[in-house]
Amino acid sequence: MDTFAKKYVDGFIADLIARNPGEAEFHQAVQEVAFSLVPYLEDNPYLIDQKILERIAEPERIIIFRVPWTDDRGVIRINRGFRVQCNSALGPYKGGIRFHASVNLSIMKFLAFEQTFKNSLTTLPMGGAKGGSDFNPRGKSDAEVMRFCQSFMTELSKHIGQDTDVPAGDIGVGGREIGYLFGQYKRLRNEFTGTLTGKGLAWGGSLLRPEATGYGLCYFTESMLATRGKSFSGQTVLVSGSGNVAQYAAQKAMRLGAKVVSMSDSDGCIYDPDGLDEEKMSFIFELKNIRRGRIREYADRYPGATYYPGKRPWDIPCDIALPCATQNEICEEDAGKLVANGCYCVAEGANMPSTPEAAAVFHNARILYSPGKASNAGGVATSGLEMSQNSVRQHWTAEEVDKNLRRIMSEIHEACLKYGTEEDGYVNYVKGANIAGFIKVAGAMMDQGIV
Ligand code: NDP
Ligand code: 2IT
(Lines give C-alpha, C1' and ligand atoms only; values in the text may rest on other atoms or scores of the structure.)
(Ligands and ions follow the chains in the order given, each with its own letter.)
Protein backbone atom coordinates (compact mmCIF):
# COMPACT_ATOMS: atom_id res chain seq x y z
CA MET A 1 0.00 0.00 0.00
CA ASP A 2 1.25 3.47 -0.88
CA THR A 3 2.23 5.65 2.04
CA PHE A 4 1.05 9.26 2.34
CA ALA A 5 4.50 10.47 1.22
CA LYS A 6 4.41 8.26 -1.89
CA LYS A 7 0.89 9.53 -2.71
CA TYR A 8 2.08 13.10 -2.23
CA VAL A 9 5.06 12.56 -4.58
CA ASP A 10 2.79 10.95 -7.21
CA GLY A 11 0.57 14.05 -7.10
CA PHE A 12 3.53 16.39 -7.12
CA ILE A 13 4.94 14.71 -10.26
CA ALA A 14 1.58 14.76 -12.04
CA ASP A 15 1.32 18.52 -11.36
CA LEU A 16 4.93 19.08 -12.44
CA ILE A 17 4.32 17.37 -15.78
CA ALA A 18 1.11 19.29 -16.38
CA ARG A 19 2.77 22.57 -15.44
CA ASN A 20 5.91 22.00 -17.58
CA PRO A 21 4.59 20.22 -20.68
CA GLY A 22 7.05 18.68 -23.13
CA GLU A 23 10.08 19.01 -20.85
CA ALA A 24 11.07 15.34 -20.77
CA GLU A 25 14.58 15.73 -19.32
CA PHE A 26 13.32 18.06 -16.61
CA HIS A 27 10.54 15.62 -15.65
CA GLN A 28 13.10 12.79 -15.58
CA ALA A 29 15.52 14.62 -13.26
CA VAL A 30 12.79 15.77 -10.84
CA GLN A 31 11.14 12.35 -10.77
CA GLU A 32 14.37 10.62 -9.82
CA VAL A 33 14.94 12.99 -6.90
CA ALA A 34 11.33 13.12 -5.71
CA PHE A 35 10.81 9.36 -5.56
CA SER A 36 14.04 8.79 -3.67
CA LEU A 37 12.94 11.37 -1.09
CA VAL A 38 9.80 9.40 -0.14
CA PRO A 39 11.29 7.76 3.00
CA TYR A 40 12.73 11.08 4.16
CA LEU A 41 9.43 12.91 3.63
CA GLU A 42 7.70 10.12 5.53
CA ASP A 43 9.83 10.99 8.56
CA ASN A 44 9.65 14.76 8.01
CA PRO A 45 6.09 15.51 6.85
CA TYR A 46 6.41 19.22 7.65
CA LEU A 47 8.49 19.51 4.45
CA ILE A 48 5.39 18.49 2.50
CA ASP A 49 3.30 21.22 4.18
CA GLN A 50 6.07 23.70 3.51
CA LYS A 51 5.93 22.80 -0.22
CA ILE A 52 9.71 22.55 -0.34
CA LEU A 53 9.72 20.25 -3.39
CA GLU A 54 7.29 22.47 -5.29
CA ARG A 55 9.49 25.46 -4.49
CA ILE A 56 12.75 23.78 -5.56
CA ALA A 57 11.18 22.56 -8.81
CA GLU A 58 10.14 26.11 -9.75
CA PRO A 59 13.37 27.91 -10.73
CA GLU A 60 13.81 31.24 -8.96
CA ARG A 61 14.43 32.94 -12.29
CA ILE A 62 14.75 31.96 -15.97
CA ILE A 63 16.32 34.31 -18.48
CA ILE A 64 15.88 33.56 -22.20
CA PHE A 65 17.47 35.89 -24.70
CA ARG A 66 18.35 36.47 -28.34
CA VAL A 67 22.00 36.02 -29.30
CA PRO A 68 22.63 37.62 -32.69
CA TRP A 69 26.07 37.37 -34.28
CA THR A 70 27.73 37.51 -37.69
CA ASP A 71 29.60 34.57 -39.21
CA ASP A 72 32.83 34.78 -41.20
CA ARG A 73 30.92 35.21 -44.45
CA GLY A 74 29.04 38.19 -43.05
CA VAL A 75 25.78 36.25 -42.67
CA ILE A 76 23.68 37.19 -39.63
CA ARG A 77 22.94 34.26 -37.30
CA ILE A 78 20.45 34.08 -34.44
CA ASN A 79 20.74 31.70 -31.49
CA ARG A 80 18.85 31.42 -28.23
CA GLY A 81 20.57 31.98 -24.90
CA PHE A 82 19.42 30.67 -21.48
CA ARG A 83 20.26 31.04 -17.82
CA VAL A 84 18.17 29.06 -15.35
CA GLN A 85 18.79 30.31 -11.80
CA CYS A 86 17.25 27.42 -9.92
CA ASN A 87 18.02 27.92 -6.25
CA SER A 88 20.06 30.37 -4.16
CA ALA A 89 19.39 29.00 -0.67
CA LEU A 90 23.01 27.94 -0.13
CA GLY A 91 24.91 30.67 -1.95
CA PRO A 92 25.23 32.57 -5.22
CA TYR A 93 23.89 30.65 -8.23
CA LYS A 94 26.63 28.44 -9.68
CA GLY A 95 26.76 26.14 -12.66
CA GLY A 96 28.08 25.66 -16.15
CA ILE A 97 27.22 26.99 -19.59
CA ARG A 98 26.56 24.52 -22.41
CA PHE A 99 26.88 25.30 -26.12
CA HIS A 100 25.33 22.46 -28.11
CA ALA A 101 22.75 22.27 -30.89
CA SER A 102 20.44 20.21 -28.64
CA VAL A 103 20.16 22.88 -25.89
CA ASN A 104 16.57 23.78 -25.00
CA LEU A 105 14.63 24.88 -21.93
CA SER A 106 14.03 21.32 -20.69
CA ILE A 107 17.74 20.46 -20.77
CA MET A 108 18.66 23.74 -19.06
CA LYS A 109 16.08 23.18 -16.31
CA PHE A 110 17.13 19.58 -15.67
CA LEU A 111 20.76 20.61 -15.41
CA ALA A 112 20.01 23.56 -13.09
CA PHE A 113 17.87 21.31 -10.87
CA GLU A 114 20.61 18.65 -10.67
CA GLN A 115 23.21 21.33 -10.00
CA THR A 116 21.29 22.53 -6.94
CA PHE A 117 21.67 19.13 -5.25
CA LYS A 118 25.20 18.57 -6.51
CA ASN A 119 26.40 21.91 -5.18
CA SER A 120 24.79 21.15 -1.84
CA LEU A 121 26.72 17.86 -1.71
CA THR A 122 30.06 19.66 -2.19
CA THR A 123 29.50 21.35 1.22
CA LEU A 124 30.61 24.65 -0.38
CA PRO A 125 28.35 27.74 -0.35
CA MET A 126 26.90 27.58 -3.86
CA GLY A 127 23.34 27.71 -5.19
CA GLY A 128 22.34 25.94 -8.42
CA ALA A 129 22.10 27.28 -11.98
CA LYS A 130 22.79 26.32 -15.58
CA GLY A 131 22.95 28.22 -18.84
CA GLY A 132 23.79 27.83 -22.45
CA SER A 133 22.75 28.16 -26.03
CA ASP A 134 21.73 26.08 -29.03
CA PHE A 135 24.86 27.46 -30.75
CA ASN A 136 26.83 24.58 -32.30
CA PRO A 137 30.56 25.29 -31.97
CA ARG A 138 31.49 22.45 -34.32
CA GLY A 139 33.22 23.73 -37.47
CA LYS A 140 33.17 27.37 -36.29
CA SER A 141 36.33 29.47 -36.51
CA ASP A 142 37.90 31.00 -33.40
CA ALA A 143 36.69 34.41 -34.60
CA GLU A 144 33.10 33.14 -34.90
CA VAL A 145 33.22 31.56 -31.45
CA MET A 146 34.56 34.84 -30.06
CA ARG A 147 31.83 36.94 -31.65
CA PHE A 148 29.19 34.52 -30.44
CA CYS A 149 30.60 34.56 -26.88
CA GLN A 150 30.70 38.35 -26.87
CA SER A 151 27.08 38.61 -27.98
CA PHE A 152 26.00 35.95 -25.45
CA MET A 153 27.80 37.74 -22.61
CA THR A 154 26.43 41.16 -23.58
CA GLU A 155 23.04 39.99 -22.32
CA LEU A 156 24.18 37.49 -19.67
CA SER A 157 26.36 40.13 -17.95
CA LYS A 158 23.19 41.85 -16.72
CA HIS A 159 22.24 38.84 -14.66
CA ILE A 160 25.51 37.52 -13.16
CA GLY A 161 28.19 38.70 -10.73
CA GLN A 162 30.65 37.28 -8.24
CA ASP A 163 28.05 37.41 -5.43
CA THR A 164 25.03 36.76 -7.69
CA ASP A 165 25.73 34.02 -10.22
CA VAL A 166 29.06 32.51 -11.28
CA PRO A 167 28.98 30.52 -14.55
CA ALA A 168 31.62 28.04 -15.77
CA GLY A 169 32.10 25.53 -18.60
CA ASP A 170 30.11 22.48 -19.68
CA ILE A 171 29.66 20.75 -23.06
CA GLY A 172 31.10 22.96 -25.80
CA VAL A 173 32.45 25.52 -23.32
CA GLY A 174 36.09 25.12 -22.29
CA GLY A 175 39.07 27.37 -21.71
CA ARG A 176 38.77 29.18 -25.03
CA GLU A 177 35.11 30.10 -24.53
CA ILE A 178 35.57 31.08 -20.87
CA GLY A 179 38.37 33.42 -22.04
CA TYR A 180 36.14 35.18 -24.57
CA LEU A 181 33.23 35.34 -22.10
CA PHE A 182 35.45 36.74 -19.35
CA GLY A 183 37.03 39.33 -21.67
CA GLN A 184 33.64 40.66 -22.69
CA TYR A 185 32.31 40.66 -19.11
CA LYS A 186 35.34 42.62 -17.93
CA ARG A 187 34.96 45.10 -20.76
CA LEU A 188 31.26 45.69 -20.13
CA ARG A 189 31.53 45.98 -16.35
CA ASN A 190 34.99 47.53 -16.13
CA GLU A 191 35.85 45.23 -13.25
CA PHE A 192 38.19 42.25 -12.86
CA THR A 193 36.32 39.81 -10.65
CA GLY A 194 35.89 36.07 -10.25
CA THR A 195 32.49 36.06 -11.94
CA LEU A 196 33.41 33.05 -14.10
CA THR A 197 35.33 29.93 -13.12
CA GLY A 198 37.51 27.74 -15.30
CA LYS A 199 39.61 30.82 -16.07
CA GLY A 200 43.17 30.68 -17.42
CA LEU A 201 45.91 30.30 -14.80
CA ALA A 202 47.39 33.72 -15.57
CA TRP A 203 44.09 35.54 -14.98
CA GLY A 204 42.53 34.06 -11.88
CA GLY A 205 42.03 30.39 -12.73
CA SER A 206 42.75 27.56 -10.32
CA LEU A 207 45.29 24.84 -10.83
CA LEU A 208 43.52 21.51 -11.47
CA ARG A 209 40.15 23.01 -12.49
CA PRO A 210 40.44 21.47 -15.98
CA GLU A 211 41.29 18.08 -14.46
CA ALA A 212 38.88 18.29 -11.53
CA THR A 213 35.71 16.63 -12.86
CA GLY A 214 37.51 13.60 -14.30
CA TYR A 215 39.93 13.27 -11.39
CA GLY A 216 37.16 13.73 -8.84
CA LEU A 217 35.13 11.06 -10.64
CA CYS A 218 38.01 8.61 -10.23
CA TYR A 219 38.52 9.52 -6.55
CA PHE A 220 34.83 8.89 -5.94
CA THR A 221 34.99 5.62 -7.89
CA GLU A 222 37.97 4.51 -5.79
CA SER A 223 35.84 4.98 -2.67
CA MET A 224 33.01 2.96 -4.22
CA LEU A 225 35.38 0.18 -5.26
CA ALA A 226 36.90 0.10 -1.78
CA THR A 227 33.49 -0.86 -0.33
CA ARG A 228 33.92 -4.14 -2.23
CA GLY A 229 37.61 -4.53 -1.47
CA LYS A 230 38.57 -3.50 -5.02
CA SER A 231 40.57 -0.75 -6.72
CA PHE A 232 41.20 0.46 -10.30
CA SER A 233 44.31 -1.69 -10.48
CA GLY A 234 44.04 -4.28 -13.26
CA GLN A 235 40.42 -3.41 -14.08
CA THR A 236 39.14 -2.88 -17.62
CA VAL A 237 37.41 0.49 -17.94
CA LEU A 238 35.09 1.94 -20.59
CA VAL A 239 35.00 5.71 -20.96
CA SER A 240 32.49 7.45 -23.23
CA GLY A 241 33.03 10.93 -24.61
CA SER A 242 36.40 12.43 -25.42
CA GLY A 243 35.95 15.95 -24.07
CA ASN A 244 37.08 17.56 -20.84
CA VAL A 245 35.56 15.10 -18.37
CA ALA A 246 36.34 11.98 -20.42
CA GLN A 247 39.98 12.93 -21.01
CA TYR A 248 40.87 13.44 -17.37
CA ALA A 249 38.78 10.51 -16.18
CA ALA A 250 40.65 8.27 -18.62
CA GLN A 251 44.02 9.72 -17.61
CA LYS A 252 43.44 9.28 -13.87
CA ALA A 253 41.95 5.78 -14.21
CA MET A 254 44.96 4.77 -16.31
CA ARG A 255 47.39 6.25 -13.78
CA LEU A 256 45.61 4.34 -11.02
CA GLY A 257 46.41 1.11 -12.83
CA ALA A 258 43.30 0.51 -14.95
CA LYS A 259 43.21 -0.52 -18.59
CA VAL A 260 41.06 2.11 -20.35
CA VAL A 261 39.89 0.58 -23.63
CA SER A 262 37.35 3.02 -25.10
CA MET A 263 36.52 6.65 -25.80
CA SER A 264 33.86 8.15 -28.06
CA ASP A 265 32.23 11.20 -29.59
CA SER A 266 28.85 11.83 -31.14
CA ASP A 267 29.97 10.12 -34.37
CA GLY A 268 31.23 6.81 -32.91
CA CYS A 269 33.60 5.07 -30.52
CA ILE A 270 37.07 3.57 -30.53
CA TYR A 271 38.07 0.28 -28.89
CA ASP A 272 41.72 -0.22 -28.04
CA PRO A 273 42.19 -3.68 -26.45
CA ASP A 274 45.75 -2.76 -25.38
CA GLY A 275 44.46 0.18 -23.34
CA LEU A 276 45.56 3.81 -23.18
CA ASP A 277 49.04 4.84 -22.09
CA GLU A 278 50.68 8.23 -21.50
CA GLU A 279 51.74 8.57 -25.13
CA LYS A 280 48.25 7.74 -26.43
CA MET A 281 46.74 10.18 -23.90
CA SER A 282 49.02 12.96 -25.20
CA PHE A 283 47.79 12.18 -28.71
CA ILE A 284 44.16 12.50 -27.53
CA PHE A 285 44.81 15.82 -25.75
CA GLU A 286 46.43 17.22 -28.87
CA LEU A 287 43.76 15.77 -31.18
CA LYS A 288 40.77 17.04 -29.20
CA ASN A 289 41.99 20.23 -27.54
CA ILE A 290 44.37 21.71 -30.10
CA ARG A 291 43.35 20.31 -33.47
CA ARG A 292 39.70 19.91 -32.41
CA GLY A 293 39.60 16.65 -34.40
CA ARG A 294 37.40 13.55 -34.17
CA ILE A 295 38.02 10.41 -32.10
CA ARG A 296 38.04 8.24 -35.25
CA GLU A 297 41.54 9.63 -35.97
CA TYR A 298 42.79 7.63 -32.95
CA ALA A 299 42.25 4.40 -34.90
CA ASP A 300 44.16 5.83 -37.87
CA ARG A 301 47.09 6.61 -35.58
CA TYR A 302 46.97 3.35 -33.56
CA PRO A 303 46.20 0.38 -35.86
CA GLY A 304 45.62 -1.93 -32.85
CA ALA A 305 42.44 0.08 -32.17
CA THR A 306 39.13 -0.17 -34.04
CA TYR A 307 36.70 2.66 -34.79
CA TYR A 308 33.00 1.83 -34.72
CA PRO A 309 31.01 4.55 -36.51
CA GLY A 310 27.66 5.43 -34.97
CA LYS A 311 28.26 3.21 -31.92
CA ARG A 312 28.54 3.72 -28.19
CA PRO A 313 31.02 1.60 -26.23
CA TRP A 314 28.58 -0.23 -23.95
CA ASP A 315 28.75 -3.67 -25.58
CA ILE A 316 32.50 -3.97 -24.94
CA PRO A 317 33.20 -6.23 -21.92
CA CYS A 318 34.49 -4.25 -18.91
CA ASP A 319 34.66 -4.16 -15.11
CA ILE A 320 33.95 -0.45 -14.71
CA ALA A 321 32.05 2.02 -16.93
CA LEU A 322 32.56 5.79 -16.73
CA PRO A 323 29.98 7.52 -18.96
CA CYS A 324 31.36 11.03 -19.61
CA ALA A 325 29.56 12.33 -22.72
CA THR A 326 25.94 13.42 -22.24
CA GLN A 327 22.46 12.73 -20.82
CA ASN A 328 20.63 9.49 -21.60
CA GLU A 329 23.60 7.91 -23.35
CA ILE A 330 23.01 4.53 -21.58
CA CYS A 331 19.61 3.01 -22.32
CA GLU A 332 18.05 -0.10 -20.77
CA GLU A 333 19.52 -2.37 -23.44
CA ASP A 334 23.02 -0.89 -23.00
CA ALA A 335 22.74 -1.37 -19.24
CA GLY A 336 21.69 -4.98 -19.73
CA LYS A 337 24.74 -5.61 -21.91
CA LEU A 338 27.09 -3.98 -19.42
CA VAL A 339 25.81 -6.12 -16.55
CA ALA A 340 25.71 -9.30 -18.66
CA ASN A 341 29.34 -8.73 -19.65
CA GLY A 342 30.47 -8.48 -16.03
CA CYS A 343 30.50 -4.72 -15.39
CA TYR A 344 30.08 -4.25 -11.62
CA CYS A 345 30.60 -0.48 -11.30
CA VAL A 346 29.07 2.43 -13.22
CA ALA A 347 30.16 5.89 -12.04
CA GLU A 348 28.65 8.81 -13.90
CA GLY A 349 30.94 11.61 -15.11
CA ALA A 350 28.25 13.15 -17.31
CA ASN A 351 25.00 14.58 -15.94
CA MET A 352 22.18 11.99 -16.03
CA PRO A 353 23.83 9.69 -18.64
CA SER A 354 21.67 6.71 -17.62
CA THR A 355 17.98 6.57 -18.49
CA PRO A 356 15.67 5.65 -15.57
CA GLU A 357 15.31 2.17 -17.10
CA ALA A 358 19.10 1.76 -17.25
CA ALA A 359 19.42 2.90 -13.62
CA ALA A 360 16.82 0.29 -12.64
CA VAL A 361 18.88 -2.42 -14.36
CA PHE A 362 21.95 -1.39 -12.32
CA HIS A 363 20.02 -1.29 -9.06
CA ASN A 364 18.32 -4.62 -9.68
CA ALA A 365 21.71 -6.20 -10.45
CA ARG A 366 23.02 -4.73 -7.15
CA ILE A 367 26.11 -3.32 -8.84
CA LEU A 368 27.93 -0.19 -7.68
CA TYR A 369 26.14 2.70 -9.39
CA SER A 370 26.62 6.40 -8.63
CA PRO A 371 24.65 9.33 -10.08
CA GLY A 372 26.48 12.24 -11.71
CA LYS A 373 25.40 14.68 -9.04
CA ALA A 374 27.63 12.80 -6.60
CA SER A 375 30.46 11.44 -8.72
CA ASN A 376 31.00 14.42 -11.05
CA ALA A 377 30.78 17.06 -8.31
CA GLY A 378 34.56 17.52 -8.29
CA GLY A 379 34.32 19.99 -11.17
CA VAL A 380 31.99 22.44 -9.48
CA ALA A 381 33.71 21.84 -6.14
CA THR A 382 36.99 23.00 -7.65
CA SER A 383 35.13 25.94 -9.17
CA GLY A 384 34.15 26.72 -5.57
CA LEU A 385 37.83 26.53 -4.62
CA GLU A 386 38.62 28.90 -7.53
CA MET A 387 36.06 31.36 -6.11
CA SER A 388 37.73 31.15 -2.69
CA GLN A 389 41.15 31.82 -4.20
CA ASN A 390 39.76 34.79 -6.17
CA SER A 391 38.15 36.23 -3.01
CA VAL A 392 41.44 36.22 -1.11
CA ARG A 393 43.43 37.05 -4.28
CA GLN A 394 45.71 34.09 -3.82
CA HIS A 395 46.77 31.01 -5.78
CA TRP A 396 46.88 27.64 -4.11
CA THR A 397 49.36 24.95 -5.15
CA ALA A 398 48.19 21.95 -7.14
CA GLU A 399 48.80 19.80 -4.04
CA GLU A 400 46.52 21.98 -1.96
CA VAL A 401 43.71 21.96 -4.54
CA ASP A 402 44.06 18.19 -5.01
CA LYS A 403 43.96 17.60 -1.26
CA ASN A 404 40.72 19.59 -1.00
CA LEU A 405 39.23 17.82 -4.03
CA ARG A 406 40.02 14.39 -2.56
CA ARG A 407 38.54 15.40 0.80
CA ILE A 408 35.34 16.73 -0.77
CA MET A 409 34.84 13.61 -2.94
CA SER A 410 35.43 11.40 0.07
CA GLU A 411 32.90 13.40 2.11
CA ILE A 412 30.31 13.10 -0.66
CA HIS A 413 30.90 9.35 -0.68
CA GLU A 414 30.40 9.23 3.09
CA ALA A 415 27.14 11.19 2.74
CA CYS A 416 25.92 8.68 0.13
CA LEU A 417 26.71 5.79 2.49
CA LYS A 418 24.97 7.53 5.38
CA TYR A 419 21.69 8.18 3.56
CA GLY A 420 21.80 5.47 0.91
CA THR A 421 22.64 2.24 2.75
CA GLU A 422 19.63 -0.07 2.65
CA GLU A 423 18.57 -2.73 5.13
CA ASP A 424 20.43 -5.52 3.32
CA GLY A 425 23.62 -3.41 3.24
CA TYR A 426 23.34 -2.46 -0.45
CA VAL A 427 24.31 1.17 -1.03
CA ASN A 428 21.81 3.01 -3.19
CA TYR A 429 23.99 5.99 -4.17
CA VAL A 430 21.10 7.68 -6.00
CA LYS A 431 18.97 7.72 -2.88
CA GLY A 432 21.93 8.70 -0.70
CA ALA A 433 22.97 11.61 -2.91
CA ASN A 434 19.43 12.91 -3.33
CA ILE A 435 18.56 12.81 0.36
CA ALA A 436 21.91 14.25 1.50
CA GLY A 437 21.73 17.05 -1.09
CA PHE A 438 18.09 17.81 -0.29
CA ILE A 439 18.47 18.04 3.49
CA LYS A 440 20.80 21.04 3.32
CA VAL A 441 18.86 22.92 0.65
CA ALA A 442 15.53 22.29 2.39
CA GLY A 443 16.94 23.36 5.77
CA ALA A 444 18.32 26.60 4.35
CA MET A 445 15.01 27.32 2.61
CA MET A 446 13.13 26.78 5.86
CA ASP A 447 15.49 29.16 7.68
CA GLN A 448 15.06 31.86 5.03
CA GLY A 449 11.28 31.90 4.96
CA ILE A 450 8.86 31.91 2.05
CA VAL A 451 10.85 33.76 -0.59
P1 NDP B 1 32.97 18.49 -23.76
O2 NDP B 1 32.27 19.39 -24.71
O3 NDP B 1 34.39 18.78 -23.41
O4 NDP B 1 32.90 16.99 -24.29
C5 NDP B 1 31.68 16.39 -24.55
C6 NDP B 1 31.94 15.03 -25.14
O7 NDP B 1 30.73 14.31 -25.21
C8 NDP B 1 32.46 15.10 -26.56
O9 NDP B 1 33.28 14.00 -26.82
C10 NDP B 1 31.18 15.05 -27.36
O11 NDP B 1 31.34 14.59 -28.70
C12 NDP B 1 30.36 14.07 -26.56
N13 NDP B 1 28.95 14.35 -26.76
C14 NDP B 1 28.30 15.52 -26.54
N15 NDP B 1 27.02 15.42 -26.85
C16 NDP B 1 26.85 14.17 -27.30
C17 NDP B 1 25.73 13.46 -27.78
N18 NDP B 1 24.53 14.03 -27.88
N19 NDP B 1 25.93 12.14 -28.13
C20 NDP B 1 27.15 11.57 -28.05
N21 NDP B 1 28.25 12.21 -27.60
C22 NDP B 1 28.09 13.48 -27.24
O23 NDP B 1 32.05 18.46 -22.46
P24 NDP B 1 32.42 17.99 -20.97
O25 NDP B 1 33.43 16.90 -21.01
O26 NDP B 1 32.69 19.21 -20.18
O27 NDP B 1 31.02 17.42 -20.48
C28 NDP B 1 30.67 16.05 -20.60
C29 NDP B 1 29.57 15.72 -19.61
O30 NDP B 1 30.05 15.98 -18.27
C31 NDP B 1 28.29 16.55 -19.73
O32 NDP B 1 27.19 15.75 -19.33
C33 NDP B 1 28.49 17.65 -18.70
O34 NDP B 1 27.27 18.20 -18.29
C35 NDP B 1 29.17 16.88 -17.61
N36 NDP B 1 29.94 17.63 -16.63
C37 NDP B 1 30.92 18.51 -17.01
C38 NDP B 1 31.65 19.18 -16.05
C39 NDP B 1 32.77 20.08 -16.40
O40 NDP B 1 33.42 20.59 -15.48
N41 NDP B 1 33.08 20.31 -17.66
C42 NDP B 1 31.38 19.00 -14.62
C43 NDP B 1 30.38 17.99 -14.32
C44 NDP B 1 29.69 17.37 -15.31
P45 NDP B 1 31.23 15.62 -29.94
O46 NDP B 1 32.56 16.29 -30.00
O47 NDP B 1 30.94 14.74 -31.10
O48 NDP B 1 30.12 16.57 -29.64
O1 2IT C 1 27.80 20.12 -14.44
C2 2IT C 1 28.67 20.74 -13.78
O3 2IT C 1 28.82 20.54 -12.56
C4 2IT C 1 29.53 21.68 -14.49
N5 2IT C 1 29.40 21.83 -15.70
C6 2IT C 1 30.53 22.50 -13.71
C7 2IT C 1 29.89 23.72 -13.14
C8 2IT C 1 30.82 24.70 -12.49
O9 2IT C 1 30.31 25.75 -12.06
O10 2IT C 1 32.03 24.45 -12.37
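All values reported here derive from a predicted model rather than from experimental measurement. Here, residue 1 is the first one in the sequence, and each next residue gets the next number. Order of listing sets the numbers, starting from 1, for every ligand and every atom in it.
The ring of Tyr419 has its center no closer than 6.0 angstrom to the ring center of Tyr40. Checked against the 6.0 Å centroid threshold, Phe285 and Tyr248 count as a close aromatic pair.
Every protein residue with a heavy atom nearer than 4.0 Å to ligand 2 is included here: Lys94, Gly95, Gly96, Gln115, Lys118, Lys130, Ala168, Gly169, Asp170, Arg209, Asn351, Gly379, Val380, Ser383.
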Test ring pair (Phe, Tyr, Trp, His ring centres under 6.0 Å) on Phe110 and His27; report intermediate values, then the result. CA-CA 8 Å; Phe110 116 66; His27 303 162; over 10 Å; no
Before you tell me yes or no, could you show the steps for Tyr307 and Tyr302 under ring pair (Phe, Tyr, Trp, His ring centres under 6.0 Å), namely the whole-Å CA-CA distance, both residues' side-chain angles and the distance that decides it to 0.1 Å? CA-CA 10 Å; Tyr307 175 64; Tyr302 299 105; over 10 Å; no
Pairs under 3.5 Å, N/O atoms on ligand 1 and on the protein: can you put them in a table with the distances?
residue: ligand 1; atom: 2 (O); partner: Gly172; partner atom: N; Å: 2.9
residue: ligand 1; atom: 3 (O); partner: Asn244; partner atom: N; Å: 2.9
residue: ligand 1; atom: 9 (O); partner: Ser242; partner atom: N; Å: 2.9
residue: ligand 1; atom: 9 (O); partner: Ser242; partner atom: OG; Å: 3.3
residue: ligand 1; atom: 11 (O); partner: Ser266; partner atom: N; Å: 3.4
residue: ligand 1; atom: 25 (O); partner: Asn244; partner atom: N; Å: 3.2
residue: ligand 1; atom: 25 (O); partner: Val245; partner atom: N; Å: 2.9
residue: ligand 1; atom: 32 (O); partner: Asn351; partner atom: N; Å: 3.1
residue: ligand 1; atom: 34 (O); partner: Arg98; partner atom: NH2; Å: 2.9
residue: ligand 1; atom: 34 (O); partner: Asp170; partner atom: OD1; Å: 2.7
residue: ligand 1; atom: 34 (O); partner: Asp170; partner atom: OD2; Å: 3.2
residue: ligand 1; atom: 34 (O); partner: Asn351; partner atom: ND2; Å: 2.8
residue: ligand 1; atom: 40 (O); partner: Arg209; partner atom: NH1; Å: 3.4
residue: ligand 1; atom: 40 (O); partner: Arg209; partner atom: NH2; Å: 2.9
residue: ligand 1; atom: 40 (O); partner: Thr213; partner atom: OG1; Å: 2.9
residue: ligand 1; atom: 46 (O); partner: Arg294; partner atom: NH1; Å: 3.2
residue: ligand 1; atom: 47 (O); partner: Ser266; partner atom: N; Å: 2.8
residue: ligand 1; atom: 47 (O); partner: Ser266; partner atom: OG; Å: 2.4
residue: ligand 1; atom: 47 (O); partner: Arg294; partner atom: NH1; Å: 3.4
residue: ligand 1; atom: 47 (O); partner: Arg294; partner atom: NH2; Å: 2.6

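Taking the six-membered ring for Trp and thresholds of 30 and 60 degrees, Phe152 and Phe65 have ring planes inclined between 30 and 60 degrees apart. Between Phe113 and Phe26, the ring-plane angle classifies as perpendicular under the 30° and 60° cut-offs.
Listed for the Asn136 side chain is no donor-acceptor partner under 3.5 Å among the backbone atoms of Ala101.
Residue Arg187 places its CZ atom among 12 or fewer non-hydrogen atoms of other residues, nucleotides or ligands, all under 6.0 Å distant.
The one candidate from Glu278, Glu211, Glu222 that meets the salt bridge (charged side-chain N to carboxylate O under 4.0 Å, His left out) condition with Arg255 is Glu278.
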